[in-house]
Structures are given as C-alpha cells and as structure tokens.
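Start at 1 and go down the list; that is how both ligands and their atoms are numbered. Not measured: the values here are computed from a predicted model.
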Amino acid sequence: MDVGRGMELQKMNGQHSRDLGPDKLNLEDGFDGLEFMAERDEFLPGKSPGIKAPQFTDFEGKTSFGMSVFNLSNAIMGSGILGLAYAMSNTGIVLFLILLLCIAILSAYSIHLLLRSAGVVGIRAYEQLGHRAFGQPGKVLAGSIITMHNIGAMSSYLFIVKSELPLVMQAFLGLKENTGEWYLDGKYLIIIVSVIIVFPLSLMRHLGYLGYTSGFSLSCMVFFLISVIYKKFNIPCPLEKITSHDNHLVSVLGESHDNHSFVSSDVDFCEAQSFTINMKTAYTIPILAFAFVCHPEVLPIYTELRDATKKRMQTVANISVLAMFVMYGLTAIFGYLTFFGGVDSELLHTYIKVDPLDTLILCVRMAVLVAVTLTVPVVLFPIRRALLQLLFPEKPFHWAHHISIAVCLLIIVNLLVIFVPTIRDIFGIIGATSAPSLIFILPGIFYIRIVPEETEPLKSIPKIMAACFAALGFVFMVMSTSFIILDWVSGESRSGGGH
Ligand SMILES: NC(=O)C[C@H](N)C(=O)O
C-alpha cells in the first residue's frame, strides 16, 4: 500500500524516516547494516560511465511520485512556519521574499548535491554520506548535528505547547485573562504533557501509526494558513493600543475606541514596510534556514520512490520546495499584514491580542497543539537511534537504554523550553548552527569528497560551486551566530514579547 508505506517512511521536521515496521525495510537496526548494503552495492561511475544504472539496486521503492512530494513537503513543513511573519516584520515584505526565494533555491541545490553524492555510492542515509566522505568522524559529525537539530526541533514544538496550551485552557474555562493558576502556566503544562503523552508514545519500539501524524500536521498547517488569510480581512488595523499606568502596551481589538488613548506612532504602525533592517533582522536567515530543513529525510524518501532516478527525485524536491515556498510566503505576508510590527515570534500566539476566546483561533490552536504534541515523539526516535549508534554501536536492543535515553532527552528538552524565553531564540540558535550545517556545509563538503576526482576534478565547475556553497553556509553560520549573540548581549531583545 503506497500511502501507508510512504506515510510510515515519512516523518516531519527533522526526524528520520527509517522507523518502518519489522516487515518493511528494516533500517531500525542501525546504520551498519545499511552501510554494508551501501558498500556492497557501490557502483562507481568510473567503471561504467555511460550507463544509467538504477540508484539502489537492492531495494525497489514503491512510493508514487505524488506521495513522495507529499512526504517531502511534510518533512520541510514544521514549527518554522510560525516564525516567518515575525521574520518579515524585521526585513520588510520585499527583502523577506527575496531571502525566502534565495533560501528555497539554495535548499533545492543542496538536495541536488545530496542526490548526486548518494547516486555515486548508492547510499540511503545522511550519516552514511558522512561516513563515506570522512570515515567514522564524518558519521559522528553528521549524527551529532542531526541530533542537535532534532533536539532544537523538539524544543520548538514543546515551546508551542508552552505558549498555546494555556490559552486553550483559558478559553475552555471562559477566562478573558490568565489568572495565574498553575494549570494556566505553560511550564507546568509542558511537564504534564511530556509525562502523560510524549513519554508513553516515545516508549514504542517502532513509530507505527505515529508516522501518520506528519500528514495530519501538514493538514493542520494548511488550516492554519487559511485561518491566517481569513483573519487578515477580519482584524482591523490599527491595532487599538492603550497605554496602561505602568506604560505596558496592551493591544485591544474590536472594542470601542472611546476609552483608550492611541499611541502616536499608530499611524505608521499599520504601514507595511518593503525594506527594513534592525537588530532582529539577524534572526531572519536562521528562521528561514530552519524552516527549509528537510535534508536528513531526502535520502530515505529517495530510497522509497518508485522508479527512483536522480532526475525524478530532484523533480520531487523542486515541487515540494516550491509548494512550501508558496505556503511560507503566504503565511508570512498575511500574518505580517494582520499585525505589522506587532507580530510575535510565534505568529499563532499573536492572535491573543485579538480575542483570547475567538472560536476559529481556538480550533487552530487545538489542531496545531495536537499536531506538534504528536510530532515530539516522532522527532525523538531518530535522536535516540543516533545516540544508540554512537554510544552502544554493537549492542542489541535493550529496554533500559531505550527508556533512559527517552527520559534524558525529555528532561533536557523540558528544561530548555522552560528556561528559553522566546521561540525566536530556538529558531535563532538552531537556524544559525545546525540548519546551515545540514543544508550548506555538509552537502557541499560531502559532494567534494564523494564524487570521484576522475569524474569531476577538484577544479571542475560543479566542485568549485559546491565549495562556494559550503563556504556560504559557513559565512551564514558565523554571521548569524555573532549577530544573535550581540543581540542577546545588548539585552534589548529580553524586553520584547515573551513568545
Ligand atoms: N525539519 C526541520 O528540522 C524543521 C522544519 N523545517 C520546520 O520548519 O519546523
């Protein structure tokens, strides 16, 4: 069954898709088996230059073209979408769209490098490319970066729970304001959600039906986008701002203007900027890079693709990237045009300014909450697999390891989410470190090392381009990290909105 198989294979937001049932392609056992197959099936182009051999001779993919586009789109789409309107508010519409386009194109190029490298050696996993390129250190490096990235992705999902669940509770209790009880405090709520929902799910040995949540998540995000567009035409601007006694700005919408005094800058508050630059612009490229990461998923999806050829898979990738470019662009534009400079780094949270009890937004919140909560264990699986591979490579399955790694990961992620003040910090740091590594640096250097020099000498144009690509990623990484640290040190960002 194509759909089921594809759905099981696919994952969302950085998790690997190798959690197939025991009767399926069983890659759960680790990379060593894979490595063996990959090495065994190696076919060097030098040996048969003109022959177009199938990419993976020992495994015949069954997933249709359309389903693969869906799977890859799921892998791209995630919490990153919630940060885009904020990114646009710090760049302006035109600059944002230019950057979005550039990152989308670069992301597709990066997939080309991965596919080309994988095609040369018949490899199906990102870490395996690392192994092929640099031996064990390459595998450890790729595994560690993916682990760090997925911990960041898990944190971003739980952060959404931290910021949205209190609002849902509030709405169910019919409260206009958060009255401060423990059950309205996101910190306690994420611990409860982690213990009651995430932990039991992460104890499963195989992902099974949890793999289906990715499709559900994509549907939720489409619902979110439709609501954002609808709300744009429903929420008037200027946001009516009132200044309370302690000078704390409160935005009220849809109420009479009589009792409130407008802040003088409200006149231009509702004007969309085309280009703007400020300290927070530094978060834009990291947010965009984070939003486009799907690269650890590309090779498993390639493996599952029916009639897999590099060209066919590149078309799958181009269509998915284009679809996500459109979705991201629309979400950012309509989110930004609703709140302008008042948009939070987590767009959904911003709607609290409209009406905490709004039914449509309540439905979106619940849908997004269910989607992200179910995605947390799905992201945990590949981290655990990578850690098991690194820590106990030869050992068979052991419940103690299985459970203790899940407990440790959940404790780390909970602490991170409790102490990190805004989701922007998670997007910023992960988007400035692991995301450029996964998109730019590793694919670039893997390509240079893996494609044989007889086929493409070091000074050939494709290899020079791959080197420039890796260098560009390095520049992004250093620049973004420095600007974000500068922003933290200046302390200015701490005074901003909490979400
Ligand atoms: N797959 C990931 O790592 C992140 C995903 N692109 C997101 O936007 O959440």
May I ask you to identify, for [X], whether its side chain, its backbone, both or neither come under 4.0 Å of ligand 1 on a heavy-atom basis?
X: Asn150; result: neither
X: Glu297; result: neither
X: Ala435; result: neither

Show me which atoms of ligand 1 lie under 4.0 Å from any heavy atom of [X].
X: Ala75; answer: 1 (N)
X: Ser79; answer: 7 (C), 8 (O), 9 (O)
X: His149; answer: 2 (C), 3 (O)
X: Ile76; answer: 5 (C), 6 (N), 7 (C), 8 (O)
X: Gly80; answer: 7 (C), 8 (O), 9 (O)

**Prompt:** Should we count OH of Tyr230 as having more than 12 external heavy atoms under 6.0 Å?
**Reply:** no
Under 3.5 Å: N/O of [X] near N/O of ligand 1:
X: Ile81; result: no
X: Ala153; result: no
X: Phe290; result: yes

**Message:** Under a plain distance cut-off of 3.5 Å, with no hydrogens placed, do Asn414 and Ser194 share a side-chain donor-acceptor pair?
**Reply:**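 A pair is found: one side chain offers a donor N or O, the other an acceptor, under 3.5 Å apart.
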**Polar side chain donor-acceptor pair, Asp425 to Thr422, under 3.5 angstrom** =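 Side chains of Asp425 and Thr422: pair found under 3.5 Å.
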**Message:** Pair Arg365, Glu164 - check salt bridge (Lys or Arg N to Asp or Glu O under 4.0 Å), show working.
**Reply:** CA-CA 7 Å; Arg365 281 205 169 102; Glu164 298 305 322; 2.4 Å; yes
**Fill in**
So CD of Glu346 and OG of Ser163: to nearest 0.5 Å the spacing works out to 4.0 Å
**Complete:** Leu141 meets the side-chain contact (heavy atoms from CB on, under 4.5 Å) criterion, sequence neighbours left out, with Ile145, Leu442
**Request:** Not counting sequence neighbours, which residues clear side-chain contact (heavy atoms from CB on, under 4.5 Å) with Thr276? List them please.
**Result:** Gln273
**Distance under 6.0 Å and angle within 45° of ring axis: Arg424 vs Phe427** =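 That pair does not qualify as a cation-pi contact.
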**Message:** Below 4.0 Å from ligand 1: does a non-hydrogen atom of Cys294 turn up there or not?
**Reply:** no
**Request:** Take every heavy atom of Ser156, measure it against each atom of ligand 1, and state whether any distance is under 4.0 Å.
**Result:**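 Outside the 4.0 Å threshold, so no.
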**Asked** Which atom pair, heavy atoms only, marks the closest approach of Ala125 to Ile123?
**Response** O-CG2, 3.4 Å
